[in-house]
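Below is one structure, written out as structure tokens, with a few remarks after it.
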Amino acid sequence: QQPVQSPQAVILREGEDAVINCSSSKALYSVHWYRQKHGEAPVFLMILLKGGEQKGHEKISASFNEKKQQSSLYLTASQLSYSGTYFCGTETGGTDKLIFGTGTRLQVFP
Amino acid sequence: DARVTQTPRHKVTEMGQEVTMRCQPILGHNTVFWYRQTMMQGLELLAYFRNRAPLDDSGMPKDRFSAEMPDATLATLKIQPSEPRDSAVYFCASGRSEGGQYFGPGTRLTVT
């Protein structure tokens, strides 16, 4: 029951915005977002806990709709450093155990 | 700047050999995870520990894989015997309950 991410790939110019979606078939306790650059390890961006909150981190923010079992990651005024593959990780039941989505590859060009 | 460390970073071995990967989690983190990443399967959880106790190893092929945490500063993942299909990048991550997971640099394993 891997979460589904959309789109699979995004190409942006510097300064443009993007939204990445993560959808689960199961009720969620939390959603994590990570970014992974080629040849490197995933890097934690943020966690959204049950409660439908929104969080922000510099120009990257995310929302969590518990009812719809969905989360979205918003990247505004994208920078070259935002390039990489973005993964959502979903947790059910407060176990800390994550199932990762298939990833969204984001490329930002000058 | 606290980081998760993993050794070795790269390992090339022949089919049938034993492989041991080691991880030092961030001090103060009570949860340790082992993941495997391949192009085909993506990022899969193999096993994880909380306060050194194994909580779930359902993602591991149990006949050949084993994960242990002999003390709070060391987690190990062993494969015996290794097979070509085990070729992947293995990540260790640590964190606190209800917090983010912090990944080590990974061990790139190639089994020939």
Side-chain angles (χ1 to χ4, degrees), chain A residues 1-6 8-9 20 22 24 26 28-51 53 55-58 60-62 64 66 71 73 84-105, chain B residues 1-7 9-10 21 23-26 29-60 67 69 88-109:
Chain A
Q1 297 82 11
Q2 190 174 31
V4 176
Q5 286 186 235
S6 62
Q8 289 186 318
I20 299 171
C22 174
S24 173
K26 291 191 162 189
L28 298 176
Y29 185 84
S30 74
V31 179
H32 294 218
W33 285 97
Y34 294 80
R35 176 172 60 211
Q36 184 177 29
K37 293 184 182 284
H38 184 68
E40 299 181 8
V43 173
F44 172 67
L45 295 177
M46 66 188 77
I47 179 174
L48 298 104
L49 296 173
K50 191 171 159 181
E53 61 180 287
K55 267 198 167 179
H57 177 75
E58 297 178 349
I60 301 175
S61 62
F64 177 21
E66 196 182 323
S71 177
L73 185 71
T85 301
Y86 288 78
F87 293 96
C88 66
T90 55
E91 179 195 3
T92 55
T95 61
D96 293 323
K97 178 179 174 178
L98 295 183
I99 300 175
F100 281 91
T102 49
T104 296
R105 189 175 176 199
Chain B
D1 190 19
R3 295 186 185 196
V4 174
T5 58
Q6 287 185 248
T7 56
R9 293 292 308 277
H10 301 273
M21 291 170 264
C23 166
Q24 182 172 12
I26 293 171
H29 283 183
N30 67 338
T31 316
V32 175
F33 307 84
W34 282 105
Y35 290 95
R36 175 170 63 185
Q37 188 174 37
T38 60
M39 287 295 293
M40 293 300 294
Q41 300 297 327
L43 200 54
E44 306 172 277
L45 178 68
L46 298 174
Y48 78 109
F49 299 80
R50 185 182 292 149
N51 298 322
R52 293 180 53 206
L55 285 190
D56 189 331
D57 62 0
S58 58
M60 284 198 318
M69 205 163 168
V89 180
Y90 290 80
F91 288 107
C92 173
S94 71
R96 295 192 183 94
S97 294
E98 296 195 353
Q101 296 182 16
Y102 295 84
F103 283 72
T107 294
R108 183 172 294 275
L109 175 65

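Here is the naming used below: chain letters follow the sequence lines, and residue numbers restart at 1 for every chain.
To the nearest 0.5 angstrom, B/M69 atom CE is 9.0 Å from B/N51 atom CG. One finds the CG atom of B/D56 at 3.5 Å from the NZ atom of A/K97 (value rounded to the nearest 0.5 Å). Atom OH of B/Y102 sits about 12.0 Å away from atom CZ of B/F33, to the nearest 0.5 Å. Taking CZ from B/R9 and CG from B/L109, the interatomic distance works out to 14.0 Å, rounded to the nearest 0.5 Å.
Between the side chain of B/Q101 and the backbone N or O of A/P42, no donor-acceptor pair lies under 3.5 Å. Between the side chain of B/Q6 and the main chain of B/Q24, no donor-acceptor pair closer than 3.5 Å is present.
For chain A, the option among B/G100, B/G104, B/G106, B/P105 with the highest count of heavy-atom pairs below 4.5 Å is B/G100.
Along residues 42-49 of chain B, the residues that come nearer than 4.5 angstrom to chain A, judged on non-hydrogen atoms, are B/L43, B/L45, B/Y48 in order of number. The interface of residues 84-91 of chain A with chain B, defined by heavy-atom distances below 4.5 Å, comprises A/F87.
Both the backbone and the side chain of B/S97 come within contact range of chain A, judged by heavy atoms closer than 4.5 Å. Residue A/L98 touches chain B through both its backbone and its side chain, counting heavy-atom pairs closer than 4.5 Å.
Legend: residues meeting salt bridge (Lys or Arg N to Asp or Glu O under 4.0 Å) with B/R108, ordered by chain and number and at least two apart, are absent. Scanning for side-chain contact (heavy atoms from CB on, under 4.5 Å) contacts around A/Q8 gives an empty result, with sequence neighbours left out.
Results of the ring pair (Phe, Tyr, Trp, His ring centres under 6.0 Å) test with B/Y35 over B/F91, B/F103, B/Y90 single out B/F103 as the only residue that passes.
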- Item | Stepwise side-chain contact (heavy atoms from CB on, under 4.5 Å) check, A/L48 with A/W33 | CA-CA 9 Å; A/L48 298 104; A/W33 285 97; 3.9 Å; yes
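The shortest heavy-atom contact between A/R35 and A/I60 is NH1-CD1, 3.7 Å.
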